[in-house]
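Everything below concerns the one structure shown next.
We number each residue from 1, following the sequence as shown.
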Amino acid sequence: MASLPNPLPTLDSLELGLPPGTLLGTTLWLADAPAQPGDWTTYQQAPRAVGLLPVLIDVGAGHGGPEEWELEPEEMSYPGDHDPEEILSDFWEECCAGEAGDWPGPAAPLASQGVPDAVAADVADSLSAGTGLLKDPRLALVPARRSADIPTAIGWTGAVNYANDTARLSAILRSWEDRFGIRVVALGFDQLLVSVAAPPTTLDDALAVAAEHFAFCPDNIWQGAGTLQAYAERQLLNQPTWHFWWD
């Protein structure tokens, strides 16, 4: 892959011949039309050469589009300045230790079941075709060096009631990129969806990953599956997507 410019360009400095869309600040271009299958692959290629990555933005989940969200890119730190294991341990101690005991440590890397970018494209196409997870997905482009940094780059604050610096979440997402081949595919007002090229295929591995998810987003368990065992079995085993929601 060709080296990316340093620093990354601002979106308003580029002429990419994009379809009708809206430029929100300098870190988010959002298409006017609903996303269609195939859009992700189209915009994963040429824009990437100048440091832009695609993400689906859900504008129809009751909170309007990102122009109505509180995007604060200038308030975020740099994901690379944070240690993901330390953050997970801190999150665990703050919210999970009382009911689940000591922090069990990070899950081991898992074998990939596919090429991460190809898995992401398949997931994006499925979401764009209307699987129900997203109400009104729009294709967006964000200046970022890696997929995990997209929420931080746009200053997404969907988890602000849990983590007020999104860079801490991106640091964990970076680690998941390395260990599980994840890609950030979609963002809503308070939701995050990633594709997974190396999902757990055994219950033991799924439970190890479930502990990280509990620390990352407790609402997935508290307001979802109820227990780590149920969450691991229903949401993680052989699943190509992970979905997070913060109250």
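- Heavy-atom neighbours of Asp102 CG from other residues, nucleotides or ligands within 6.0 Å: at or below the threshold of 12.
- Ser126 places no side-chain N or O within 3.5 Å of a backbone atom of Asp122 that could act as its donor or acceptor partner.
- Using a 4.5 Å cut-off between side-chain heavy atoms of Ile, Leu, Val, Met, Phe, Trp and Tyr, Leu203 falls into a hydrophobic cluster with Leu207.
- Sorted by first and then second residue, the ring-ring contact (aromatic ring centres under 6.0 Å, His included) pairs with a member in residues 100-122 read Trp92-Trp103; sequence neighbours excluded.
- Counting heavy atoms from C-beta outward, Asp39 and Arg138 have side chains that stay 4.5 Å or more apart.
- The salt bridge (charged side-chain N to carboxylate O under 4.0 Å, His left out) search around Asp83 returns none, not counting sequence neighbours.
- Phe244 and Phe189 fall within a single hydrophobic cluster, where Ile, Leu, Val, Met, Phe, Trp and Tyr side chains are chained together by heavy-atom contacts under 4.5 Å.
- When side chains are defined from C-beta on, Pro73 does not count as touching Ile154, because their heavy atoms never get closer than 4.5 Å.
- At distances below 3.5 Å, not a single donor-acceptor pair connects side-chain atoms of Thr157 with backbone N or O atoms of Val160.
- Inter-residue side-chain proximity for Asp136 and Asp58 is flagged as met; some heavy-atom pair is nearer than 4.5 Å.
- By the side chain to side chain donor-acceptor pair (under 3.5 Å) test, Ser195 pairs with no residue at all, sequence neighbours left out.
- Taking the salt bridge (charged side-chain N to carboxylate O under 4.0 Å, His left out) definition, one finds that Asp178 meets it with Arg146, sequence neighbours left out.
- Partner of Val194 under the side chain to side chain contact (heavy atoms under 4.5 Å, CB included) criterion, out of Val185, Leu173, Val123: Leu173 alone.
- Scored by the salt bridge (charged side-chain N to carboxylate O under 4.0 Å, His left out) test, Arg168 finds no partners at all (sequence neighbours excluded).
- Tyr231 meets the ring-ring contact (aromatic ring centres under 6.0 Å, His included) test with His213; sequence neighbours excluded.
- Gln191 and His243 share a side-chain donor-acceptor pair at under 3.5 Å.
- The side chain to side chain donor-acceptor pair (under 3.5 Å) test applied to Asp149 returns Arg174, not counting sequence neighbours.
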_The test is side-chain hydrogen bond (donor to acceptor under 3.5 Å, both in side chains); show your working for Asn161 and Trp246 and say whether it passes._
CA-CA 8 Å; Asn161 291 333; Trp246 289 266; over 6 Å; no
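- Applying the ring-ring contact (aromatic ring centres under 6.0 Å, His included) test to every pair with at least one member in residues 125-146, sequence neighbours left out, gives no pairs at all.
- Looking at Pro54 and Leu141, their side chains come closer than 4.5 Å, going by heavy atoms from C-beta outward.
- A donor-acceptor contact shorter than 3.5 Å is absent between the side chain of Glu177 and the backbone of Arg183.
- Every residue was checked against the side chain to side chain donor-acceptor pair (under 3.5 Å) condition with Asn238, not counting sequence neighbours, and none meets it.
- Among residues two or more places apart in sequence or in another chain, the side chain to side chain donor-acceptor pair (under 3.5 Å) test is passed with Asp165 by Ser77.
- The closest donor-acceptor contact from the side chain of Ser147 to the backbone of Val184 lies under 3.5 Å.
- Using modelled atom types, one finds no donor on one side chain facing an acceptor on the other under 3.5 Å when comparing Gln239 with Gln235.
- Shown here is Glu70, whose CD atom has no more than 12 heavy atoms of other residues, nucleotides or ligands within 6.0 Å.
- Contact between Arg179 and Pro106 at its shortest, heavy atoms only, is NH1-CB, 3.9 Å.
- For Phe91, the ring-ring contact (aromatic ring centres under 6.0 Å, His included) criterion is met by Tyr162, not counting sequence neighbours.
- In this structure, Cys217 SG and Gln223 CD are separated by 9.0 Å, a value rounded to the nearest 0.5 Å.
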